Each structure stands twice: as structure tokens, then as C-alpha cells.
*Asks:* 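Below is one structure. I have some questions about it.
Everything quoted here is computed from the prediction, not taken from an experiment.
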Amino acid sequence: MATSQVQPSMLSIFVVFFCVYGNVVYGQFTKFDKLTLPRGVIGPEAASFRGFMAEGPFTTVIDGRIMKWQGPNIGFQFCDGTTDPDKGPICGRPLALSFQPITGLLYITDAYFGLLVVGPNGGLATQLAGGFKFASGLDVDLLTGYVYFIDASGGGPAVSADSTFVLVPKLTGLRVLKYWLVGLRANTTQVLVNVAGNPNKIKRAERLGEFWMAVSVGQVPRRPPITPQGVRINSNGVILQTVSFATEFFNKTISLVQEQSGKLYVGSRFTDFIGVYSN
Ligand SMILES: *[C@@H]1O[C@H](CO)[C@@H](O)[C@H](O)[C@H]1NC(C)=O
Ligand SMILES: *[C@@H]1O[C@H](CO)[C@@H](O)[C@H](O)[C@H]1NC(C)=O
């Protein structure tokens, strides 16, 4: 895991954010919709939203580009404004996205190019750090602006909203680790929770102190049919809810469960859509 300092964010805005999103009630997520990619494009493995208006989601796709959902009438567009699947990759192999909510900077981890950043107006990404084996997931600390990302691992980290720890999934180890950033246990790791399947990306839930993990039961070692699940945990590793996506993502691994405005956005490298589960 590596960090890089960016810009300090504004605490007051964060406090407002806290108050708005502090009290979420969870249902069973039985309603299903799809955000479908243009023909010939597959593998949405991210679903990041920008700013307080929650524009997006933005996603990475398998040919190396980043796409933005422009609403049901337009659908997804590449960030150059096209839907042409034959234009070829303009990036490498981006695997995860995370916005810095105050500055609007978009951080990207790319399997080939490491850690990249794009300004709020888009354009070509700038490499911030390279030389990694396989940079996969990332997360931006909302309070400090530090960027955490994972090298040579299956999934993605999540920083707690109070900046005290980072959760790290062990894809093949079937567990999630908690890495302390502060206090007596700073720079030490504990096993937070053992999982029934393979944990990929972990994202902060909208309810403070909780997280959603994308878990694929039967991925490694392979035991088809694979059962994809969203698993919600708290900071102590207590499993609070498990939502099965097995009907719509039958026998497929998933990469990501991102909660936004009470809905779960589910990404997989094997589909041509982002699944949206709501109540
Ligand atoms: C934790 O590690 C960081 C980076 O090596 C270091 O700067 C910091 O002082 C360490 N903190 C403690 C409490 O050991
Ligand atoms: C699930 O997918 C694997 C290949 O990835 C295949 O071998 C298996 O037959 C599939 N299982 C079902 C029940 O479709």
C-alpha cells in the first residue's frame, strides 16, 4: 500500500456531508435496473459519483477507457464524448476511480500506469506514481486528501470516514484486514472479518462507519456457480446485511458494490451493464 499527499479538504463541507448522510435506513434492495454500456463495451468495474450533485456514475471499462452515465436518454459516453467502441484504448487498464469531493480531481489506478489523476474538466490523465506490479483499487481520504491504493492485490481499500483506519481485502485469503493509521496500534494490521467468499472492492456505505464489500462466493478456488453478494459490515467487522445478486449476475464474479442515494451500483468485469438495486 502506498500513499501520496494531495490537498487538504475543507472540514466544514465535510461536516455538512456527515449530517446529510448520517442516518440511512436500509431495505432489502429487491428492485433491479440496469445502466447498459454501448454495444461491444464490457467490464464496468467502478461506479464513482462526482460532487454533491452526484453526477455519474463514472466507470472504467475493459478497453481502457472511462465512461460517464449521462442519464437514460443518452446512456454512457466515453469521456471524449463518443460512444464508439472501435476507437481503441486511450488509457492503459484503469481498474478503479475515486473523486476528491472538494477539488473534483479524479484519481485512477491503472494496472500498467500506476496512480493517475485527471482534473475536473477531464482530458488526459497525469501519472503521479508508477513502477507497481498491478495497481488495482484506490480510495481518497475525505479529511486529509491522502490517496490509498493497492498494488498486486485483487481489490480495493477503503479509508474510514474519520481517517483512523484502512480496510484491505484479501481476495484469495477470504478475509478483510484493518490497518490502523493512528493511535497505539498505528501501522499494525488485524484481521477484521472472515468472509464466505472472495472480497474484491470495499466502499464506504452511506451510513457512517459502515462499508459495502463486493464478495464472490466460489471465485477462488473456483466452485461454480459463483454467487455474487453485497456484504455490509461495520467498523468492528460485524456483518450487518448480505444482498444476493445471483439472479442478475448469475455465475459471475463482481468487483464492486457502491452505495449512492440509497441504491447499490454493482460492477462486474463480465457484464455489459452496471446493476442498480433499490428499494
Ligand atoms: C507509521 O508509518 C509511517 C510511514 O512509515 C510513519 O511516518 C509513522 O510515523 C508511523 N507511525 C507510528 C505511530 O509508528
Ligand atoms: C459457471 O461458469 C463456469 C465457467 O466460468 C462454467 O464452467 C459452469 O458450468 C457455469 N455454471 C453454471 C451452472 O452455469
*Asks:* With under 30° as parallel and over 60° as perpendicular, where do the rings of Phe132 and Phe149 fit, or are they tilted in between?
*Replies:*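 The arrangement is perpendicular - the two ring planes meet at more than 60°.
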
*Asks:* Determine the sole option in Phe245, Tyr277, Trp212 for which the ring-ring contact (aromatic ring centres under 6.0 Å, His included) test with Phe29 is passed.
*Replies:*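 Result: among Phe245, Tyr277, Trp212, Trp212 is the only option passing the ring-ring contact (aromatic ring centres under 6.0 Å, His included) with Phe29.
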
*Asks:* Let me see the working for Glu259 and Tyr26 under side chain to side chain donor-acceptor pair (under 3.5 Å), right down to the final yes or no.
*Replies:* CA-CA 11 Å; Glu259 183 183 351; Tyr26 286 103; 2.7 Å; yes

*Asks:* Examine distances only and state if a side-chain atom of Gln100 and a backbone atom of Ile102 form a donor-acceptor pair shorter than 3.5 Å.
*Replies:*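 Confirmed, Gln100 side chain pairs with Ile102 backbone.
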
*Asks:* Kindly say whether Val238 contributes a backbone atom to a donor-acceptor pair with the side chain of Asn236 at under 3.5 angstrom?
*Replies:*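 Checking the backbone N and O of Val238 against the side chain of Asn236, no donor-acceptor pair under 3.5 Å is found.
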
*Asks:* Could you measure the distance from the OG1 atom of Thr189 to the NZ atom of Lys170? Nearest 0.5 Å is fine.
*Replies:*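 Output value for this atom pair is 9.0 Å.
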
*Asks:* Taking the six-membered ring of Phe165 as reference, does the cationic atom of Lys178 (NZ for Lys, CZ for Arg) lie under 6.0 Å from its centre and within 45° of its axis?
*Replies:*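 The answer is yes, since Lys178 meets both limits relative to Phe165.
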
*Asks:* Under 3.5 Å, is there a donor-acceptor pair between the side chain of Asn200 and the main chain of Leu256?
*Replies:*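 No, because the side chain of Asn200 does not come within donor-acceptor range (under 3.5 Å) of the backbone of Leu256.
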
*Asks:* Decide if the gap between the ring center of Phe99 and the ring center of Tyr107 is smaller than 6.0 angstrom.
*Replies:*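 Not under 6.0 Å, so no.
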
*Asks:* Are Phe113 and Ile66 connected in a single hydrophobic cluster, I mean Ile/Leu/Val/Met/Phe/Trp/Tyr linked by side-chain heavy atoms less than 4.5 Å apart?
*Replies:*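 In one cluster with Ile66: Phe113, yes.
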
*Asks:* Can you confirm whether Ile108 sits close enough to Val117 that some side-chain heavy atom of one is under 4.5 Å from a side-chain heavy atom of the other?
*Replies:*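 A side-chain contact under 4.5 Å is absent here.
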
*Asks:* Return the CG to CD distance between Leu264 and Gln260, rounded to the nearest 0.5 Å.
*Replies:*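 Reported to 0.5 Å precision, the distance equals 11.0 Å.
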
*Asks:* Ser216 and Asn198: side-chain donor and acceptor closer than 3.5 Å?
*Replies:*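 Checked: Ser216/Asn198 side chains show no N/O donor-acceptor pair below 3.5 Å.
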
*Asks:* Distance check, rounded to the nearest 0.5 Å: Asn234 atom CG versus Ile239 atom CD1?
*Replies:*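 Nearest 0.5 Å value for the CG-CD1 distance: 10.0 Å.
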
*Asks:* Are Val61 and Val41 close enough that some pair of their side-chain heavy atoms sits under 4.5 Å apart?
*Replies:*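 Counting from C-beta outward, Val61 and Val41 do come under 4.5 Å.
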
*Asks:* Using the side-chain contact (heavy atoms from CB on, under 4.5 Å) rule, pick out the option among Val243, Val193, Thr242 that qualifies with Val231.
*Replies:*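 Of all the options given, the one that passes is Thr242.
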
*Asks:* How long is the gap from CZ on Phe32 to OG1 on Thr247, to the nearest 0.5 Å?
*Replies:*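 Those atoms lie 9.5 Å apart.
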
*Asks:* Flag the pair Asp139 and Lys203 as a salt bridge only when some basic side-chain nitrogen lies within less than 4.0 angstrom of an acidic carboxylate oxygen.
*Replies:*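 No, this pair does not count.
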
*Asks:* Find out whether the Lys NZ or Arg CZ of Arg65 is both under 6.0 angstrom from the six-membered ring centre of Phe78 and within 45° of the ring's axis.
*Replies:*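 Flagged: Arg65 positioned over aromatic ring of Phe78.
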
*Asks:* Does Lys68 NZ have over 12 foreign heavy atoms under 6.0 Å away?
*Replies:*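 Yes, because the 6.0 Å sphere around NZ of Lys68 holds more than 12 heavy atoms from other groups.
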
*Asks:* Once rounded to the nearest 0.5 Å, what's the spacing between atom CZ of Arg175 and atom CG of Leu192?
*Replies:*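 Reported value, rounded in 0.5 Å steps: 12.0 Å.
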
*Asks:* Looking at the rings of Phe76 and Phe58, which for Trp means the six-membered one, are their centres under 6.0 Å apart?
*Replies:*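 Between Phe76 and Phe58, the centre distance exceeds or equals 6.0 Å.
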
*Asks:* If I take atom CD from residue Gln258 and atom NZ from residue Lys263, how far apart are they, to the nearest 0.5 angstrom?
*Replies:*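 Reported value, rounded in 0.5 Å steps: 14.0 Å.
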
*Asks:* Scan side-chain atoms only and decide if Tyr179 and Gln190 contain a donor-acceptor pair under the 3.5 Å cut-off.
*Replies:*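 The answer is no; no qualifying pair exists.
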
*Asks:* I'd like to check Leu142 versus Arg204 (side-chain heavy atoms, cut-off strictly below 4.5 Å). Are they in contact?
*Replies:*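 Counting from C-beta outward, Leu142 and Arg204 do come under 4.5 Å.
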
*Asks:* Output yes when a side-chain donor or acceptor of Glu206 lies under 3.5 Å from a complementary backbone atom of Ser261, and no otherwise.
*Replies:*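 Yes.
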
*Asks:* Looking at Ser268 and Thr253, would you say the former's side chain and the latter's main chain have a donor-acceptor pair under 3.5 Å?
*Replies:*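 Pair found, side chain donor or acceptor close to backbone of Thr253.
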
*Asks:* Please check this pair: side chain of Thr59 against backbone of Ala46, looking for a donor-acceptor N/O pair closer than 3.5 Å.
*Replies:*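 At least one qualifying donor-acceptor pair exists.
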
*Asks:* Any side-chain heavy-atom pair from Val182 and Ser163 closer than 4.5 angstrom?
*Replies:*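 No - every pair of side-chain heavy atoms lies 4.5 Å or more apart.
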
*Asks:* Compare all side-chain heavy atoms of Leu35 with those of Val276 and state whether any distance is below 4.5 angstrom.
*Replies:*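 Of all side-chain heavy-atom pairs linking Val276 with Leu35, at least one is under 4.5 Å.
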
*Asks:* Consider side chain to side chain donor-acceptor pair (under 3.5 Å). Of Gln229, Glu210, Arg232, which one does Gln241 pass it with?
*Replies:*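 Only match with Gln241 under side chain to side chain donor-acceptor pair (under 3.5 Å): Arg232.
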
